[in-house]
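Notes follow once the structure below has been shown.
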Amino acid sequence: MDSEKQMLIGKTLGELKIVVGELGMPAFTATQIAKWLYQQHIGSIDDMTNISKANREKLKVHYEIGAMPPIDCQRSKDGTIKYLFPIASSELSGDSAKYVETVFIPDGDRATLCVSCQVGCKMNCLFCQTGKQGFDGNLTAADILNQIYALPESQELTNIVFMGQGEPMDNLDQVLRATQILTADYGWAWSPKRITVSSVGIRNKLRRFLDESECHVAISMHSPLPEQRQMLMPAERQMSITEVVDMLRQYDFTHQRRCSFEYICFGGLNDTTMHAREIVKLLQGLECRVNLIRFHKIPGVDLLASDEKRMESLRDYLTAHGVFTTIRASRGQDIFAACGLLSTARKNEK
């Protein structure tokens with residue numbers, strides 16, 4: 001990519017109108033550019049064939065599409081593909097190259113993409129490899145959307161989850177901009193119900209997301225007990241799981257918008273009947289679901305994965321007590337399955 005040129009990916013229709021205005025192009029050209037970008041997913045400005053050659057040349061002086069293909073991938077025997085994307089943002093700290101992971105998960109007639117929103121993460125959850133990397137910066141909306149735009153399987157996608165590297169609420173402006181373009185008529189024109197954004201729970205930011213977005217929300221719980229959750233997730237100190245749930249009660253999840261809780265099961269730690277009772281008590285009266293997740297081992301962390309029988313027992317107890325609960329299918333176990341492992345490996349090569 002030419003560092004002197006700006007990226008068109010990530011620009012809203014309003015920003016594209018400013019671009020064409022500054023270049024002396026007709027106002028309607030902004031909508032044409034948006035459609036070429038977000039609906040046709042073109043690779044070059046020269047592909048914008050309904051824009052005059054003279055105007056395309058003007059555009060090329062200062063701008064480029066900005067799509068950057070993945071530089072590495074690992075393919076699982078179950079069809080899951082983990083891609084490593086380079087990051088173009090000049091805002092990120094340091095001179096070394098930065099990378100994020102994106103995971104494509106095909107499943108019958110569904111194809112989900114798990115995207116990243118930061119390089120590294122500040123949350124430092126005990127069980128997460130990304131947190132061990134430290135924090136190198138926020139992705140721009142362009143960096144986030146490039147994971148979709150430049151994905152080889154982009155046309156197959158049915159759902160997107162912001163559950164990759166980073167905490168979405170810690171980069172909320174850029175996450176909201178990305179989801180706006182994904183759902184806008186001039187953009188991908190996706191229903192917000194095809195997008196789920198996760199969070200550990202960050203005061204003010206979570207409320208703003210719930211107010212400004214119609215996308216689904218997924219909260220990382222991992223323990224209903226505040227002291228134990230704080231041991232697993234330092235973010236509990238800033239916004240407790242009880243505060244998160246109290247806030248969620250103020251919103252309507254009885255229709256299409258969904259609220260869910262992610263719960264990694266650690267053997268002998270958070271998978272007991274006592275934990276199940278506390279989850280039921282915590283979530284009482286809230287329309288939601290719980291996704292139980294198998295723990296993928298990461299280096300240097302002594303946590304153990306729950307066995308299948310214990311997870312099934314936890315699921316059955318919660319479901320019997322009115323909390324709709326599923327066990328998420330484990331995918332990509334024969335590759336760097338846990339988030340952060342592939343980018344950590346690349347980072348350590350430097």
Side-chain angles (χ1 to χ4, degrees), residues 1-68 87-92 115-118 137-151 154 157 160 162 166 168-195 197 204-205 207-216 257:
M1 284 182 53
D2 189 332
S3 60
E4 299 300 316
K5 295 183 180 182
Q6 294 186 47
M7 299 167 65
L8 290 174
I9 294 175
K11 291 194 179 298
T12 64
L13 181 59
E15 289 168 333
L16 290 173
K17 287 178 178 177
I18 293 173
V19 167
V20 301
E22 289 175 343
L23 295 177
M25 298 160 65
F28 63 80
T29 311
T31 301
Q32 292 177 317
I33 294 172
K35 287 182 177 179
W36 283 117
L37 286 173
Y38 302 129
Q39 296 172 22
Q40 300 300 320
H41 302 144
I42 57 167
S44 166
I45 290 173
D46 286 326
D47 294 331
M48 300 179 184
T49 52
N50 62 351
I51 297 175
S52 71
K53 189 167 192 277
N55 280 333
R56 276 181 273 153
E57 292 302 319
K58 284 184 189 177
L59 198 57
K60 282 159 58 178
V61 171
H62 302 288
Y63 296 93
E64 58 190 340
I65 301 298
M68 297 181 68
I87 296 306
S89 304
S90 58
E91 295 91 340
L92 296 181
V115 300
S116 296
C117 63
Q118 293 180 314
N138 289 321
L139 301 192
T140 64
D143 291 323
I144 294 170
L145 292 172
N146 181 67
Q147 297 168 67
I148 306 162
Y149 197 101
L151 185 81
S154 62
L157 295 178
I160 291 172
F162 283 74
M169 301 305 143
D170 195 40
N171 188 18
L172 185 57
D173 287 339
Q174 297 304 313
V175 168
L176 286 174
R177 174 188 283 256
T179 56
Q180 175 195 338
I181 293 171
L182 283 167
T183 57
D185 288 342
Y186 68 81
W188 266 265
W190 276 35
S191 164
K193 308 309 181 288
R194 295 171 66 181
I195 303 169
V197 180
N204 300 326
K205 300 292 186 69
R207 183 179 294 281
R208 186 179 153 209
F209 169 77
L210 292 166
D211 288 339
E212 296 183 23
S213 172
E214 295 179 5
C215 297
H216 298 316
R257 193 181 196 187

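Numbers here simply count residues along the sequence, with the first being 1.
- Between V115 and the options L139, L151, I148, a side-chain contact (heavy atoms from CB on, under 4.5 Å) holds for only I148.
- Side chains of M169 and V197 form a contact here, defined as non-hydrogen atoms less than 4.5 Å apart.
- Rounding to the nearest 0.5 angstrom, the gap separating the NZ atom in K35 from the CD1 atom in I42 is 14.0 Å.
- A 6.0 Å sphere centred on CG of D185 holds no more than 12 heavy atoms belonging to other residues, nucleotides or ligands.
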| said: Between T12 and Q180, does the side-chain contact (heavy atoms from CB on, under 4.5 Å) criterion hold? Intermediate values first, please. | reply: CA-CA 8 Å; T12 64; Q180 175 195 338; 3.9 Å; yes
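- No more than 12 heavy atoms of other residues, nucleotides or ligands sit less than 6.0 Å from atom CD of E214.
- Distance OG1/T31 to CH2/W36: 14.0 Å, rounded to 0.5 Å.
- In this structure, CG on N55 lies 12.0 Å from NZ on K53, to the nearest 0.5 angstrom.
- Under the 30°/60° scheme for interplanar angles, the aromatic rings of H41 and W188 are found to be tilted.
- Side chain of Q6 to main chain of Y63: no donor-acceptor pair is present (N/O by atom type, distance under 3.5 Å, no hydrogens or angles).
- The backbone N or O of D46 lies less than 3.5 Å from a partner atom in the side chain of R56, making a donor-acceptor pair.
- The closest side-chain donor-acceptor pair between D170 and Q118 falls under 3.5 angstrom.
- Between the CD1 atom of I51 and the CD1 atom of I33 there is a distance of 4.5 Å, given to the nearest 0.5 Å.
- Shown here are the salt bridge (Lys or Arg N to Asp or Glu O under 4.0 Å) partners of D47, two or more places apart in sequence or in another chain: there are none.
- The backbone N or O of S116 lies less than 3.5 Å from a partner atom in the side chain of Q147, making a donor-acceptor pair.
- In this structure, R257 contributes its side chain and C215 its backbone to a donor-acceptor pair below 3.5 Å.
- Side-chain atoms of Y186 do not come within 3.5 Å of backbone N or O of Q32 as any donor-acceptor pair.
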